[in-house]
J.: 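Pasting a structure here, questions to come.
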Amino acid sequence: MIAAIALAALLQTGAAPARPVVVASKPFGESYLLAEMFSQLLEARGFRVDRRPGLGATDIAFRALRGGAIDVYPEYTGTGLLAILGEQPLGTAAAVYQRVSREFRTRFNVRWLPPLGFENSYAIAVRRATADSLHLATLSDLARVGQSLRAGLTPDFIGRADGLPGLQRAYGLAFREVRTLVPAVKYQGLATGQVDVIDGYSTDGLIARYDLVVLRDDRHFFPPYEAAALAAGRLATELPGAVAALTELSGRLDEARMRALNKRVEVDGTAVRVVARDALTSLGLVGAGIAAASPSADVPRQGLMSYLNGERDAIARLTARHIELVALSLLAALLIALPLGLLLERQARHAEGVIRAVGVLQTLPGIALLAFMIPLLGIGVVPALVALVLYSLYPIVRNTYTGVRDADPAAVAAARALGMTDAQILGHVRLPLAAPVIMAGIRTAAVIDVGTATLAAFIGAGGLGEPIVAGLALSDTRMILSGAIPAALLAIGVDAGLGVVERWTRPGP
Amino acid sequence: MLTADHVSKRFGAVAALDDVSLDVLAGASVALVGESGSGKTTLLRCFNRLVDPDSGTVRVDGEDVSTTDPVRLRRRIGYVPQDGGLLPHWRVQRNVELVLRLTERADAGDRARDALVLVGLDPAQFAERWPTELSGGQRQRVAIARALASEPKVVLLDEPFGALDAITRAELQDAFIALRERVSMTSVLVTHDLHEALLIATHVVVMRRGRIEQVASPRELLDAPATEYVRTLLHRARVDRHAAVAS
């Protein structure tokens, strides 16, 4: 018997060339935590895991799953029903689970694994003082006084059918003002009185910390949001053992446990991997030996410097990836933008129109551009590079065009009068004289690139955006800074370095 | 050497050149004089095809320029613009070598240095300077050296001394006169300064509103102004006929 288990384990681990399981999460605390638990559980069962935490939001994560870029991520049945299938809320948790299981399997070849055991519904929360003075206990109460209150809602909630639009219809609810707040700041915004109402999750650890009142959904607008692993159909066919391993978690996490785990991450600031490992250990899913081997268990919040020091290997790796993204996208942008700028100088009639069109790309919100990329290019480095290239084009095209066009007119006229051909004027006069202007455009593009590349984390391309996105989701300032500080230094360094090149390209004395 | 035969050119509604005919003999030094808009610069530019006339024929050394490749034509003709037009990213030496290098002359370096000496600039002192390190007069001297370095038969000068202060202008006019005594060339110079024209030209062409008022030697112009306009011009310039034409 033991031999058989050992053999099975050997076969599984021995089949090492098997591809890794790609585990993703959405960018909020609980999703990170569940994804990390999935990952550690899979690793404990001998699978290799490729972690892609913090993917954009529901839209991006689900497109990535359908497109085969990821294998599994934690999702909620209510979200699947309303946001993905676009249906109306219906009945019990079991009915919703049945509905999404059947529909996702036939329509998308995506499997809902058995629920993890807890529900995490939207929780509309107010300060206790607000609830007391206005006698608020239910969402119907809120609808009565909504006109006098300011709401701070997450972009995801504002946009989703099962978010603000549906809520407004169901309760006839209207606020005096709706502000968009990212998850990282909404609790602080509420606690400090910047807003009066926020959307949270019922399992958020921060609800208890800030002494908030969650208003009851007395018309049952929000459907049951049972948490479950959402897995690509091909995972079941290619790595059935991985699906089996993930189902070990089914039914094992109740709401109280989940809230406690979330609190450790969101309030105490314990590292996600530590909380995930402790949770799996206490559930008896992984051996305690692994836990004991790790020295960093439950250290209370360290200072920033010691945190950065502890993370330096990860920061170095992320910085290297960041530089890689910036360098490659800048190179590609150069190869496109330089010839385009020169071509436009010859086709002055079309120049402004084309440059304006390129400029429009610049104004697209980064996250939207990335979301457009997913159906075409999936997630990861390639779509991130394409998006970064599109963002880098404008300053280079614009500066190449104007630099070459406006190059010292007297010098250009004299060169023509003395018998230079157009090509010679371009090569010997216009380009050398425009070089500093073109370099300035490249420099601008590079600095923009360093900043924009942090968004690449939303589609799993890595880079210094990874700790920024995760830190925002987990309200962990140190984690945000561990990405933001190197990114800022990188931007300064790139700017200074290219500044030297710019001086060097300046023609003449 | 240079011929314009019934040449007309319009820019929109404005007739820059209105049926202009002119013969410039080899070795002559012609000054085109007139106010702004008289067409003098347009006429100059017809000779190296910076302007193509609407009608009429322009010949250089007997050859119809409209059938000549403009690039090859320009390399055979020296050109000095008003502001020098030196390439700011090239040192003096490289600027003077410009046409020599375009025509792939092996002795470009030596010839450029000779040209600098010709315009009164010591190569040891000036060859390695940047254009920004020169005075206005020095820049124009370099521009003239650049025009002469390949020893063209024809040199066109577009208000070459117009932007200089009075003293520097006088120095360069003297240098130009001295230069013409040592180098055989045909030159056409545009100026709005009648003094300058009378001083350095063998033939003065007075232009007005796209037409030629008079073509004459300085002496003839002073003695017998052909039109009322020329007379007015001379009067307004207060030309002292004895001082102006010393030679």
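Excluded from the calculations below are hydrogen atoms, water molecules and symmetry mates; all remaining heavy atoms, backbone and side chain alike, are included. Naming convention: chains lettered A, B, ... in sequence-line order (proteins, then strands); numbering from 1 in each chain. Just so we're clear, the structure is a prediction, and the values are computed from it rather than from any experiment.
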J.: Rounded to the nearest 0.5 Å, how far apart are OG of A:Ser329 and CD of A:Glu324?
T.: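 Here the rounded value is 10.5 Å.
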J.: Heavy-atom distance under 4.5 Å to chain A: side chain of B:Arg146, backbone, both or neither?
T.: side chain
J.: Charged N to carboxylate O below 4.0 Å: is that the case for B:Lys9 and B:Asp54?
T.: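 The answer is yes: the pair qualifies as a salt bridge.
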J.: With only heavy atoms counted, which part of A:Leu418 is less than 4.5 Å from chain B, the side chain, the backbone, both or neither?
T.: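 Answer is both: backbone and side chain atoms of A:Leu418 are under 4.5 Å from chain B.
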J.: When you check the gap from the basic side-chain N to the acidic O, do B:Arg111 and B:Asp114 get nearer than 4.0 Å?
T.: no
J.: Examine whether an atom of B:Leu87 lies under 4.5 Å from a heavy atom of chain A, and if so say whether it belongs to the side chain, the backbone or both; otherwise answer neither.
T.: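 For B:Leu87, backbone and side chain are both near chain A.
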J.: Assess whether a salt bridge exists between B:Arg91 and B:Glu128, defined as any Lys/Arg side-chain N lying under 4.0 Å from an Asp/Glu carboxylate O.
T.: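 Salt bridge present between B:Arg91 and B:Glu128.
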J.: Who wins among B:Arg74, B:Arg76, B:Gln82 for the most heavy-atom pairs under 4.5 Å with chain A?
T.: B:Arg74
J.: Does any heavy atom of chain B fall under 4.5 Å from the side chain of A:Ala417, the backbone, both, or neither of them?
T.: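 Both parts, heavy atoms under 4.5 Å.
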J.: In Å, rounded to the nearest 0.5 Å, how long is the span from OG1 of B:Thr41 to NE2 of B:His192?
T.: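 Result: 10.5 Å between the selected atoms.
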